[in-house]
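First the structure, in the form of structure tokens, and then the observations on it.
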Amino acid sequence: MRVEYVLREEGRPAGGPTIDYAAELNPEQLEAVTAPPGPILVIAGAGSGKTRTLTYRVAWLVEQGVAPEQILLLTFTNKASKEMLARVASLLPHDLSRLWGGTFHHVGNRILRRHADRVGYPKDYTILDREDAEDLISASLGEAGVDPKDKRFPKPEVLAEIFSLAANHRTTVGSILKKQFGYFTELESWIAKVGEIYLRRKRDSAAMDYDDLLTLSSQILEQSDLRDRYRERFQHVLVDEYQDTNRLQSDFVDAIGTGHHQIMAVGDDAQSIYSWRGAKVEHILSFPNRHPGAKVVRLETNYRSIPQILELANHAISHNPKQFPKNLRAVRAAGVKPAMVALEDGGQQAAFVAQRILELHEEGTNLSDISILYRAHFHAMEMQLELTRRNIPYTITSGLRFFEQAHIKDVAAHLRVGANPKDEVAFHRLARLLPGVGPKSATKMWNEVAGGKALAQVKVSEKSAKGWSQLVETLKQIAGKPPAEQVKIVVEGSYGDHVRARYANAVNRLDDLRQLEDYANGFANTADFLAELALLGNTETEVAARQGDNEGEAVRLSTVHQAKGLEYGVVFVIMLCDGLFPSSRAMETEEGEEEERRLFYVAVTRAKDELYLTHPRLRMGKGGDAWQTPSRFLNELNRDLVNVWRVKGATGLGDWS
């Protein structure tokens, strides 16, 4: 007689499932978790339990008899992957060590360690971190014959960003320059040459940078025998935050999953907000077309926010034509309607938010459960000033307050030396902006100035001569000018070229400097302007030190992009003016406006209990105060969705009056 005996995994109990899925999940989550094999697109609305759904899907597959080594879980952060796998391990008495889970690059590295020889690398290749990559790019500049004295040429940090974007978009350097770095298009041939040398030098040294881990593993999956092997190995592919995939990541998923189409893509098209770093909302929108027969499950039960906030969010995003329609439903009890608040100017907006924060704190709200969100970092300048003046502790997601940023301090240093040639600290800062000038060289230059030499007579190296000459000329031009005009002269002079060459986010930094110019318009002389900046810096230190008195409590200031995935009891969304939020650049295209509307949706869905939407009627500009149009996202809302707050002294309510 023939007897079959099945070995089960160690610790795995005999019999059926050990988890009562129907009891643990809501009906929408249950439908996604227990869906039959095949392509599945889970549209997970904000606060709907996306991570829970993915976790239980992995557990369900294992309990259905799928071997862990046949499951591939792709995430965007190692933290997310570890959290999900830890949750699954807590649910099941199984050994999950053979399950492949991690970031795209982590998985790409595992593939390359097995097959690097297929793309011309040894299997013991080394991985360059960002600093290593920039050092190798710097060496490539010299080999390419780039003039190190040319301040217009992008620095290694910027080149690294350009090459990374080209890799992730699966496009050319020229295409990236045209789209995001237009001020470098005349240097395209030189930049492309540096890129070619950089690629060769990486191969020569058997080293890969971060992007190579995915670029080269994708090339491996283009080889039919290996592609078929990995398709057979990974019978189930699960992808988190699918709306954030770039072209390279989307192609990577399809290369493995297209054979059997057993892909579960989880994400929210309404939260696709990273096109500037390569993410394409089209990847999630076109998923059903690329994977015929895909089952689309919508998670619309929201556990985070009160109904009134969700009603506003649903209405706001409904104006986007390209989307998977969804209607978030609250499980929480009703609360107060979001507040729509029009203010006279940025200063009054800041005063309102600060006063309301103090009132909420007195009512028992922890400061750490309050967030102020904005479209761009410079939008929060007045807010930071007001919080500082009122001794309200705050932290900024970027880690730097507006006036602490390097480019702000650089421009201020120009004005400081112009006003006081004996300012040694500011002089050192300016000198070190020059190519080839380090601490020792800057000290030698300063000693000559301190000894009585005019700036134009200071000895500098040939490498620094051109930059020094331009700096001396700039200091001459700003002499005797009002502070706002001085800022403008500095930025439009050589420092603007420095920003473009030095920073990958040069456009945002130049926006900051334009805001600094507007702020300087409020001062009659440079001494008062610089004194204000210095006093703010000292006060900020005191406020930070006082955080201990509040047991670490601090209001969180953040751009909306950096707040994605977070939640707060109370959220203020500020500077909701056309041209600011949405940004003027984004409004140039339909796609840009739609992404800005998704960004607004992300902002409002961070709020759990209270939401305040504020906009100033006036903004300080070069020619004085300029009228501001309320954001189109506000004017699209039905009036019954908000409470309109009238603040004393604020008479301009736009379409809301």
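We're numbering straight along the sequence, starting at 1.
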Is [X] reaching over with its side chain to a backbone N or O of [Y], donor-acceptor style, under 3.5 angstrom?
X    : Y    : result
S48  : G45  : yes
R639 : V644 : no
S631 : F581 : yes
N521 : A484 : no
E610 : V571 : no

Is it the case that [X] and [Y] place a side-chain donor and acceptor less than 3.5 Å from each other?
X    : Y    : answer
E63  : Y21  : yes
W100 : H106 : no
R130 : Y210 : no
Q271 : Y601 : no
Q562 : T559 : yes
N26  : Y303 : yes
E553 : S368 : no
H407 : D512 : yes

Partner residues of K564 under the side chain to side chain donor-acceptor pair (under 3.5 Å) criterion, sequence neighbours left out: E241
When you compare the side chain of [Y] with that of [X], does any pair of heavy atoms fall below 4.5 Å?
X    : Y    : value
V266 : T53  : no
V336 : L611 : no
F76  : D240 : no
C577 : P616 : yes
Q384 : I396 : yes
V253 : H283 : no
I306 : K608 : no
M340 : N643 : no

Which atom of [X] lies closest to which atom of [Y], heavy atoms considered:
X    : Y    : value
S272 : D244 : CA-OD1, 4.5 Å
L74  : T103 : CD2-O, 4.4 Å
L92  : A59  : CD1-CA, 3.6 Å
L415 : P483 : CD2-O, 4.2 Å
L310 : S305 : CD2-CB, 3.8 Å
L54  : M84  : CD1-CE, 3.7 Å

Do the charged groups of [X] and [Y] touch, with an N to O distance under 4.0 Å?
X    : Y    : answer
E157 : R502 : yes
R375 : E596 : yes
R514 : E517 : no
R617 : E344 : yes
R304 : E567 : yes
R87  : E83  : yes
R556 : D369 : no
D511 : R585 : yes
K326 : D269 : yes

Drop me the distance from [X]'s [atom1] to [Y]'s [atom2], to the nearest 0.5 angstrom.
X    : Y    : atom1 : atom2 : answer
L360 : N366 : CG    : CG    : 11.5 Å
Q29  : T34  : CD    : OG1   : 11.5 Å
T605 : D268 : OG1   : CG    : 8.0 Å
S371 : R606 : OG    : CZ    : 10.0 Å
F352 : E386 : CZ    : CD    : 12.5 Å
L328 : N314 : CG    : CG    : 5.0 Å

Hey, do the aromatic rings of Y519 and F523 have their centres closer than 6.0 Å? yes
Partner of F600 by side-chain contact (heavy atoms from CB on, under 4.5 Å), out of I317, V560, L613: L613
Applying ring-ring contact (aromatic ring centres under 6.0 Å, His included), name anything that partners Y242, two or more places apart in sequence or on another chain. F287
Sorted by chain and number, sequence neighbours left out, ring-ring contact (aromatic ring centres under 6.0 Å, His included) with H315 holds for H319
Run the side chain to side chain contact (heavy atoms under 4.5 Å, CB included) test on T614 and L576 for me, step by step, so that the C-alpha distance in whole Å, both residues' side-chain angles and the decisive distance to 0.1 Å come before the verdict. CA-CA 6 Å; T614 70; L576 284 162; 6.0 Å; no
Check the pair M381, F378 against side chain to side chain contact (heavy atoms under 4.5 Å, CB included), reporting the backbone distance first and the verdict last. CA-CA 5 Å; M381 186 182 71; F378 73 83; 5.6 Å; no
As a quick check of understanding, evaluate side chain to side chain contact (heavy atoms under 4.5 Å, CB included) for L41 and I43, giving each step before the final call. CA-CA 6 Å; L41 178 61; I43 302 299; 3.8 Å; yes
Apply the test side chain to side chain contact (heavy atoms under 4.5 Å, CB included) to residues Y274 and N246: give CA-CA distance (whole Å), side-chain angles for both, the deciding distance (0.1 Å), then the verdict. CA-CA 9 Å; Y274 296 117; N246 57 38; over 6 Å; no
Could you check R632, K322, R598 and say which one makes a salt bridge (Lys or Arg N to Asp or Glu O under 4.0 Å) with E593? R632
For a salt bridge (Lys or Arg N to Asp or Glu O under 4.0 Å) check, start with the C-alpha distance between K337 and E311, then their side-chain angles and the critical distance, and finish with the verdict. CA-CA 9 Å; K337 288 182 181 181; E311 288 169 11; over 6 Å; no
